[in-house]
Amino acid sequence: MSNDGVRVRFAPSPTGSLHVGSARTALYNYLFARHHEGVMVLRIEDTDLKRSTSAHDASIIRDLAWLGLHADEGPNTGGAFGPYRQSERAGIYEEAVQRLLAEGWAYPCFCPQELLDERKQQQLARGQMPKYDRTCLALTPREIEARLAAGERAAIRFRVPVGDVTFVDLIHGPITFSSDVIGDFIIKRTDGGYSYNFAVVVDDASMKITHVIRGEDHVTNTARQMMLFEALNEPAPRYGHHSLILAPDGSKLSKRHGATSIGDFRKMGYLPAAMVNYLVLLSWHPADEREKFSLDELVAEFDLERVSRSPAVFDVQKLNWLNGLYIRELGVSELQDLIAPHLAEAGMEFAPVQRETVAEAVQANLVVLGDAPQYASVFTDRVDLASCPCSEGLFTPGADVVFALAREVFGTMSAEYLPPPQAKELLMQVVALAKERGIKGKSVYHPLRVALTGREEGPELFYLIGGLGKTVLIARLEEAAAYVVERGPKQGVDS
RNA sequence: GGCCCGUUCGUCUAGCGGUUAGGACACCGCCCUCUCAAGGCGGAGAUCACCGGUUCGAACCCGGUACGGGCCA
């Protein structure tokens, strides 16, 4: 299919930070636009002045940038179809309202809210579909003028035409709505504000949007919007509605389910590449069975026809898996920079040589960058052999010899901290010397680990040797040796 | 209440009339390893929501029901 001049838009309301659901919508739009070498427009739908803030506006833009989803046109980038904030487009909406009014597609309505509510209750009581009864459609121009002159405030309603509205959804296929169920809806409120559906249509039309990709919560709006396009004599875009994201309990994903905004995930230390990869997989699947994709690969392969129609449960486990995968792919210096803020936040400071060691040592364990302090703590924690159940490991036969040998070898260190390759050499020396004395394998590694860290698990020993520091290394070996002498070889085994 | 949409392992999904219903996460086991991870290998896990129909044959097509979700107000 030819999609010449594809123009899509992502249109968030700045009433909160970027939600994972919205981010996925943005991603699908971005991928679709890029795939067809089209344009993505960012439009800020800030008509709800009470809840919209410029702080949210800014954070959404920042989060999109963080994900790598750059719009071609938008409030910050500019473009030929601006302004890109709805709050700055009142004139455009008003002009459209006047046009519809002049052409008989719309009419003023003076019905007070209380009356509307009352009629709705009556209709409901009779088991009818609540729908505006068109009282004000009967008003003559003279009556309208008189009431306006008398200072009465009017809302503007769209005169819904009869007949079905059918469209072929890009994801779901044909969907039909009967206009019988759609009452004459308001396009401009008595307070002067323009309704959501109306503003969206005027914007999509004037911004020459060709494809609207959005959440399924908008399917029913589509019928109204298509009527509006027809009335405005503008070609309607094609629509694609993707499913919504659910929480593990099957309900709508919300704050009470924990992290739901892109900002939350960024702070915890998820990588944008993992986020994008996870989000796209939530309801899209390639023709083969690959699971890992870069943004560029997605651009090449993304296809709305392969987007699933059923809602998807947000599964952090799979996100975690992907994040770990991407973390393990990082180069040391890159990882070092990424974990630095998390380490700093935990109050951990490291010497320059140590940083590389710590990053490398911790890499395979990380699920999120925020886990770094937890794993880096082997390098900073104090060791208290007496209160450590693992001190039993210090009494391994030959351990005292290993400590002495290590003490000797580490004493030759030319610097406080050593990079991993050099540290590894030292370890090898200790291992070789121990072997000469008939001590090998587990009997050298294990007691050494316990002596140096007071723990039984942790990164490979040479990282510890390079990153703990000569001073600490020697002090701990001496402590361990003293501990063994003091407690005797049998101690600890029985307790 | 009406109208729309959806329903395949716990989760994300493949499947588009004939398959031992495939993959991934999670789970379990084994290997690797001083340890924790990572990695490799393997296992278990789905009466394809249900009931009818069409067909020689249905997860795939049709109808209904149930359940879930969305929108309107």
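Below, chains carry the letters A, B, ... as their sequence lines are ordered, and counting in each starts from 1.
- Picking from B/G23, B/G6, B/U13 the nucleotide with the shortest atom distance to the side chain of A/Lys318 gives B/G23.
- Against RNA chain B, the stretch residues 444-456 of chain A makes heavy-atom approaches under 4.0 Å through A/Tyr445, A/Arg449, A/Glu456.
- Projected onto RNA chain B by closest heavy-atom contact, A/Gly458 and A/Ser283 fall at different nucleotides, the more 5' of which corresponds to A/Ser283.
- Of the candidates B/A26, B/G22, B/C12, the closest approach to any side-chain atom of A/Leu282 belongs to B/C12.
- Between A/Glu456 and A/Arg449 no salt bridge is recorded (no basic side-chain N to carboxylate O distance below 4.0 Å).
- Using a 4.0 Å cut-off between charged nitrogen and carboxylate oxygen, A/Asp381 and A/Arg455 count as a salt-bridge pair.
- Considering only the side chain of A/Asn365, B/A37 comes nearest among B/C12, B/A37, B/G6.
- Separating the C1' atom of B/U20 from that of B/G2 is a span of 47 Å, rounded to the nearest Å.
- Here B/G10 presents its C1' atom at 17 Å from CZ of A/Phe314, a figure rounded to the nearest Å.
- Separating the P atom of B/C25 from that of B/C5 is a span of 35 Å, rounded to the nearest Å.
- Taking atom OH of A/Tyr375 as the reference point, atom C1' of B/C36 lies 8 Å away to the nearest angstrom.
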Would you tabulate the nitrogen or oxygen pairs shorter than 3.5 Å linking the protein to nucleotides 39-44 of chain B?
unit_1, atom_1, unit_2, atom_2, d
B/G39, OP1, A/Arg328, NH1, 3.3

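- Base pairing analysis places B/A46 opposite nothing; no Watson-Crick or G-U wobble pair with both distances below 3.5 Å involves it.
- For the pair A/Arg157 and A/Tyr132, the cation-pi test (distance below 6.0 Å, angle within 45°) is passed.
- Of the residues near RNA chain B, A/Ser308 and A/Glu457, the one whose nearest nucleotide (by heavy atom distance) lies more toward the 5' end is A/Ser308.
- When Watson-Crick and G-U wobble pairs are counted only if both distances are under 3.5 Å, B/G2 pairs with B/C71.
- Out of B/U7, B/A38, B/U11, the shortest distance to the side chain of A/Ala364 is found at B/A38.
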Test log, rule ring-ring contact (aromatic ring centres under 6.0 Å, His included), inputs A/His35 and A/Tyr30
CA-CA 8 Å; A/His35 182 84; A/Tyr30 175 88; over 10 Å; no

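- A donor-acceptor pair shorter than 3.5 Å cannot be found between the side chains of A/Ser294 and A/Asp296.
- Pair assignment for B/C16: none, as no Watson-Crick or G-U wobble contacts are both less than 3.5 Å.
- Separating the SG atom in A/Cys111 from the CG atom in A/Asp133 is a distance of 6.5 Å, to the nearest 0.5 Å.
- Taking a cutoff of 4.0 Å between a charged side-chain nitrogen and a carboxylate oxygen, A/Arg355 and A/Glu360 do not qualify as a salt bridge.
- A salt bridge links A/Arg43 to A/Glu45: at least one charged side-chain nitrogen sits closer than 4.0 Å to a carboxylate oxygen.
- If you measure from atom CH2 of A/Trp284 to atom P of B/U13, you get 13 Å, rounded to the nearest angstrom.
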Using nucleotides 46-51 of chain B, report all nitrogen or oxygen pairs with the protein that are shorter than 3.5 Å.
none

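- Contacts of A/Pro419 classified as side-chain contact (heavy atoms from CB on, under 4.5 Å), with partners at least two apart in sequence or in another chain: A/Val353, A/Pro421, A/Gln422.
- Distance CG (A/Asp169) to C1' (B/G6): 13 Å, rounded to an integer number of Å.
- The side chain of A/Glu291 sits closest to B/A24 out of B/A37, B/A24, B/G6.
- Distance from the side chain of A/Glu289 is smallest to B/G23 among B/C4, B/A37, B/G23.
- Whole-Å rounding puts the A/Leu253 CG to B/C12 C1' distance at 15 Å.
- Atom-to-atom, CZ of A/Phe462 to C1' of B/U35 comes out at 14 Å; the value is rounded to the nearest Å.
- At a threshold of 4.0 Å, the pair A/Asp48-A/Arg51 counts as salt-bridged, since one of the basic side-chain nitrogens sits closer than that to a carboxylate oxygen.
- With hydrogens and angles left out, the side-chain atoms of A/Arg214 and A/His242 include no donor and acceptor closer than 3.5 Å.
- Per the geometry, CG belonging to A/Asp288 stands 17 Å off P belonging to B/U13, to the nearest Å.
- Atom CG in A/Asp315 sits roughly 15 Å away from atom C1' in B/G23 (whole-Å rounding).
- Searching all strands for a Watson-Crick or G-U wobble partner of B/C60 with both distances below 3.5 Å returns nothing.
- Across all strands shown, B/U55 forms no Watson-Crick or G-U wobble pair with both key distances under 3.5 Å.
- Residues in residues 294-331 of chain A take part in these ring pair (Phe, Tyr, Trp, His ring centres under 6.0 Å) pairs, two or more places apart or across chains: A/Tyr28-A/Phe302, A/Phe265-A/Phe314, A/Tyr278-A/Phe314, A/Trp284-A/Phe302.
- With hydrogens and angles disregarded, no donor-acceptor distance shorter than 3.5 Å links the side chain of A/Lys188 to the backbone of A/Ile156.
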Intermediate values then yes/no, salt bridge (Lys or Arg N to Asp or Glu O under 4.0 Å), A/Glu329 and A/Lys292
CA-CA 12 Å; A/Glu329 260 180 16; A/Lys292 196 158 164 292; 2.5 Å; yes

Kindly give the atom pairs (protein nitrogen or oxygen, nucleotide nitrogen or oxygen) under 3.5 Å for nucleotides 65-72 of chain B.
unit_1, atom_1, unit_2, atom_2, d
B/C71, O4', A/Thr220, OG1, 3.3
B/C71, O2', A/Thr220, OG1, 2.5

Evaluate side-chain hydrogen bond (donor to acceptor under 3.5 Å, both in side chains) for A/Asn197 paired with A/Ser195, printing each intermediate quantity in order.
CA-CA 6 Å; A/Asn197 281 313; A/Ser195 80; 5.7 Å; no

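- Donor-acceptor pairing under 3.5 Å is lacking for the side chains of A/Ser283 and A/Ser308.
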